[in-house]
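First comes the structure, then the notes that go with it.
Heavy atoms only: backbone and side chains are in, while hydrogens, waters and symmetry mates are out.
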Amino acid sequence: MSQDPTDKSRRHFLASSSVLGAAGALWAALPFAGAAGSSFASSLGSDMKADLILFNGRLHTVDREKPTASAVAIKDGRFLAVGSDAEVMALRGSATQVIDLHKRTVIPGLNDSHLHLIRGGLNYNLELRWEGVPSLADALRMLKEQADRTPTPQWVRVVGGWNEFQFAEKRMPTLDELNKAAPDTPVFVLHLYDRALLNRAALRVVGYTRDTPNPPGGEIVRDANGEPTGMLVARPNAMILYSTLSKGPKLPLEYQVNSTRQFMRELNRLGVTSAIDAGGGYQNYPDDYQVIEQLAKDQQLTVRIAYNLFTQKPKEELTDFKNWTGSVKLHQGDDFLRHNGAGEMLVFSAADFEDFLEPRPDLAPNMESDLEPVVRHLVEQRWPFRLHATYDESISRMLDVFEKVNRDIPFNGLPWFFDHAETITPKNIERVRALGGGIAIQHRMAFQGEYFVDRYGAKAAEKTPPIQRMLAEGVPVGAGTDATRVASYNPWTSLYWMVSGKTVGGLELYPQGLPRATALELFTHGSAWFSSEQGKKGQIKVGQLADLTALSADFFSVEEEAIKWIESVLTVVDGKVVYGAGEFDKLAPPPAPVLPDWSPVAKVPGHWKPGAPLVAQVHQCAGACAVHAHSHDRARRSSVPISDFQGFWGAFGCSCFAF
């Protein structure tokens with residue numbers, strides 16, 4: 001008898017409870033855990049009627065006590081009831097909005113535990129997105145079209161979320177190709193943390209010449225005559241990339257507001273309802289938080305944000321944090337925008353950029369003496385903190401500092417965690433657990449796995465990061481993306497990586513991925529710990545915040561390759577529909593017009609998806625294709641029943657790279 005893959009994955013959810021049980025016990029022991037559900041449920045009166053009922057669905061609640069349901073009732077932004085259609089319909093009143101889910105799979109709203117949403121929102125409308133684009137030919141045509149419509153003095157910027165391994169051609173664009181696509185419009189293309197490509201027009205406006213010295217930790221690549229070629233390389237410090245990017249024009253305030261709304265809508269389209277913002281370089285507090293605070297004040301946020309404060313001044317980090325702990329109240333704000341502590345940068349000497357094209361950097365000898373007073377101050381003030389750490393060698397030294405401070409000023413349950421931790425060892429995982437810390441993991445290996453394997457070998461990559469060992473040790477783990485400057489903000493790319501163990505280019509890194517239910521739990525309930533909101537969000541459970549998403553396909557049964565293309569058809573935040581597509585498109589508010597009208601978002605609204613008009617535009621061949629042996633023009637216009645569009649274009653790409 002064939003086995004229903006959906007039932008198998010649901011059993012994985014129950015089986016994964018034993019793996020996640022130890023971490024769950026830690027979460028449940030915290031004061032807030034479980035409080036929302038019990039107190040809210042006990043306050044319900046017999047005449048309570050729902051504001052919104054969703055029924056006839058396949059709900060995966062991420063609640064071990066009630067893992068599945070078919071309906072849910074919502075009242076005042078919280079889940080009022082979760083159960084069968086009949087049970088929930090009993091709460092229908094004359095004013096209740098009722099939505100038929102048409103058997104769609106429904107999950108809690110996704111919560112990205114490491115996203116640079118605030119900074120990304122300010123710039124979203126300025127950036128051309130190559131995420132998911134299947135060929136370099138497509139990407140270059142997109143760039144050319146955008147350059148043609150971009151007014152002076154604006155740039156065309158491709159900033160993160162892609163790599164050459166996703167392309168059929170398996171290569172990066174050349175500088176000649178960028179110059180041909182945009183001879184007069186400045187172009188800046190950021191590739192991971194390792195390099196940026198600037199066309200000749202961009203070199204002119206940033207002012208790099210043969211006389212410009214290389215900055216510390218970076219290189220301006222030059223030709224035989226000493227002239228800059230247009231390539232900037234991080235060796236290994238990425239500040240050369242970010243400082244150059246910062247030279248570009250900024251949007252005026254009105255457009256930054258629109259840009260942030262467009263970015264949140266794109267996240268809602270992918271099922272994201274919460275994010276923990278990790279701060280970022282050139283993101284100054286409070287100046288660069290005006291837009292997000294205005295949107296919160298105007299009740300226009302459609303993604304809940306908990307934000308950490310990221311130091312901006314090398315050698316003055318302690319001063320930054322003393323100023324902030326004196327002026328910012330911990331957790332100030334509300335359920336839509338609230339402060340979350342310090343990080344991910346605590347001191348600049350502790351930054352170990354994960355550029356796997358370069359050797360592992362050794363942190364400066366003064367790192368410990370820089371880090372200790374900052375951590376000591378944060379613990380004294382009872383401010384939670386997070387710290388960027390890629391390599392185990394860095395983590396060992398950081399833990400030495402934490403343990404020293406803890407001996408003098410006990411952490412005593414103060415939330416803290418490492419971000420990334422790709423090469424952390426079992427010994428250091430145990431040390432994290434002993435100090436009550438967590439680990440926020442992201443899918444950076446999905447974009448840099450090929451480079452890691454080239455440098456360190458396939459065997460080393462098999463446990464990079466060692467998620468299953470973290471879970472087995474009972475350490476809280478939350479999933480995220482680290483978007484937007486390196487990896488994609490698409491949570492389904494991350495979920496695909498966790499489940500399949502493969503990079504976006506198809507390289508298999510791990511012999512066995514995570515069960516799908518476990519991966520989903522890390523992106524929902526797991527991430528809530530990292531903003532001290534466990535028990536308040538992350539599950540479809542009575543009393544929790546009413547955030548959920550109905551999916552375009554069943555995550556638990558589709559083929560692995562199809563996970564990458566899942567998106568939301570209905571996203572609910574705070575009990576209100578914020579995004580709808582397909583049969584639900586009339587339920588959501590209409591999208592705001594994109595400002596300015598020349599923005600790349602007006603033509604390329606976000607992550608590429610199969611069936612996008614792009615493929616029908618860029619390939620101009622009419623004859624047979626030498627790679628695919630078919631009439632390519634006819635084939636590209638047809639609805640080809642395949643799960644991997646990149647595979648369709650072939651290992652060498654098609655032979656008609658029309659420019």
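Note that the CZ atom of Phe584 and the CG atom of Leu54 stand 8.0 Å from one another [nearest 0.5 Å]. For the atom pair CD of Glu87 and OG of Ser70, the computed distance is 8.0 Å after rounding to the nearest 0.5 Å. The CG atom of Asp547 sits 12.0 Å away from the CD1 atom of Ile107 when rounded to the nearest 0.5 Å. With values rounded to the nearest 0.5 angstrom, Lys502 atom NZ is found 10.5 Å from Ile563 atom CD1. One distance of note links CG of Asn490 with CG of Leu495; it measures 9.0 Å at 0.5 Å rounding. Expressed to the nearest 0.5 Å, how far CG of Asp51 lies from OG1 of Thr96 amounts to 7.0 Å.
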Q: Walk me through it: do Leu520 and Phe556 pass the test side-chain contact (heavy atoms from CB on, under 4.5 Å)?
A: CA-CA 10 Å; Leu520 177 63; Phe556 295 93; 3.7 Å; yes
Q. Please walk me through it: do Phe79 and Ile74 pass side-chain contact (heavy atoms from CB on, under 4.5 Å)?
A. CA-CA 5 Å; Phe79 291 120; Ile74 296 169; 3.9 Å; yes
(Q) For a side-chain contact (heavy atoms from CB on, under 4.5 Å) check, start with the C-alpha distance between Arg104 and Leu570, then their side-chain angles and the critical distance, and finish with the verdict. (A) CA-CA 10 Å; Arg104 292 281 189 180; Leu570 178 71; over 6 Å; no
(Q) Go through it in stages, so that I can follow the logic: the residues are Thr260 and Tyr124, the test is side-chain contact (heavy atoms from CB on, under 4.5 Å), and I'd like the CA-CA distance, side-chain angles, deciding distance and then a yes or no. (A) CA-CA 7 Å; Thr260 300; Tyr124 184 73; over 6 Å; no
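Relative ring orientation between Tyr489 and Phe263 is described as perpendicular, the plane-to-plane angle rising above 60° on a 0-90° scale split at 30° and 60°.
In this structure a side-chain-to-backbone donor-acceptor pair under 3.5 Å is present from Glu169 to Ala137. Looking at Gln97, its side chain never comes within 3.5 Å of a backbone N or O of Leu52 through a donor-acceptor pair. A donor-acceptor distance shorter than 3.5 angstrom exists from the side chain of Asn258 to the backbone of Pro593, with no hydrogens or angles considered. Side chain of Arg149 to main chain of Ser599: a donor-acceptor pair is present (N/O by atom type, distance under 3.5 Å, no hydrogens or angles). The backbone N or O of Pro108 sits nowhere less than 3.5 Å from a side-chain atom of Thr549 that would complete a donor-acceptor pair. Checked by atom type and distance alone, the side chain of Arg157 never pairs as donor or acceptor with a backbone atom of Leu190 at under 3.5 Å. Asn125 places no side-chain N or O within 3.5 Å of a backbone atom of Pro596 that could act as its donor or acceptor partner. Distance alone, capped at 3.5 Å, is enough to place a donor-acceptor pair between the Thr61 side chain and the Lys66 backbone. No donor-acceptor pair under 3.5 Å is formed between the side chain of Thr302 and the backbone N or O of Val578. Side-chain atoms of Ser259 never come within 3.5 Å of backbone atoms of Gln256 as a donor-acceptor pair (strictly under, hydrogens ignored).
The shortest heavy-atom contact between Ala81 and Val542 is CA-CG2, 3.8 Å. Of all non-hydrogen atoms in Thr273 and Val572, the two that sit nearest each other are CG2-O, 4.0 Å. Listed here is the closest heavy atom pair of Glu560 and Val499: OE2-O, 3.8 Å. Nearest heavy atom pair, residue Ala73 against residue Leu91, reads CB-CD1, 4.0 Å. Minimum heavy-atom separation, Val594 to Ala602: CG1-N, 4.0 Å. The minimum heavy-atom distance between Gln146 and Thr150, with the atom names listed, is O-OG1, 2.6 Å.
When side chains are defined from C-beta on, Gln442 does not count as touching Thr481, because their heavy atoms never get closer than 4.5 Å. Between Val303 and Val573, every side-chain heavy-atom pair lies at or beyond the 4.5 Å cut-off. Leu110 places none of its side-chain heavy atoms less than 4.5 Å from the side chain of Leu270. At a threshold of 4.5 Å between non-hydrogen side-chain atoms, the residues Thr503 and Leu509 count as touching. Between Ile540 and Asp63, the closest side-chain pair of non-hydrogen atoms is not below 4.5 Å. Looking only at side-chain heavy atoms (C-beta outward), Phe447 and Thr493 come within less than 4.5 Å of each other. His60 is not listed as a side-chain neighbour of Arg516, based on a closest heavy-atom distance of 4.5 Å or more. Contact check for Val133 versus Trp162: no side-chain heavy atoms found under the 4.5 Å cut-off.
No side-chain donor from either of Ser531 and Asn340 sits under 3.5 Å from a side-chain acceptor of the other. If you check the side chains of Thr571 and Asn268, you find no donor sitting under 3.5 Å from an acceptor. A side-chain N or O of His116 and one of Asp482 form a donor-acceptor pair less than 3.5 Å apart. Looking at Ser488 and Glu131, their side chains do bring a donor and an acceptor atom within 3.5 Å of each other.
Residue Trp565 forms a ring pair (Phe, Tyr, Trp, His ring centres under 6.0 Å) with just one option from Tyr496, Trp492, Trp608, and that option is Trp608. The one candidate from Val88, Val72, Val98 that meets the side chain to side chain contact (heavy atoms under 4.5 Å, CB included) condition with Phe55 is Val98.
For the pair Arg304 and Asp574, the salt-bridge criterion is met [side-chain N within less than 4.0 Å of a carboxylate O]. Under a 4.0 Å N-O distance rule, the pair Asp554/Arg58 qualifies as a salt bridge. Under 4.0 Å is where a charged nitrogen must lie from a carboxylate oxygen, and between Arg485 and Glu127 no such pair does. Note on Glu145 versus Lys603: no salt bridge recorded, every NZ/NE/NH1/NH2 to OD/OE distance being 4.0 Å or above. Using a 4.0 Å cut-off between charged side-chain N and carboxylate O, Arg129 and Glu266 make no salt bridge.
Arg92 CZ: 12 or fewer foreign heavy atoms inside a 6.0 Å radius.
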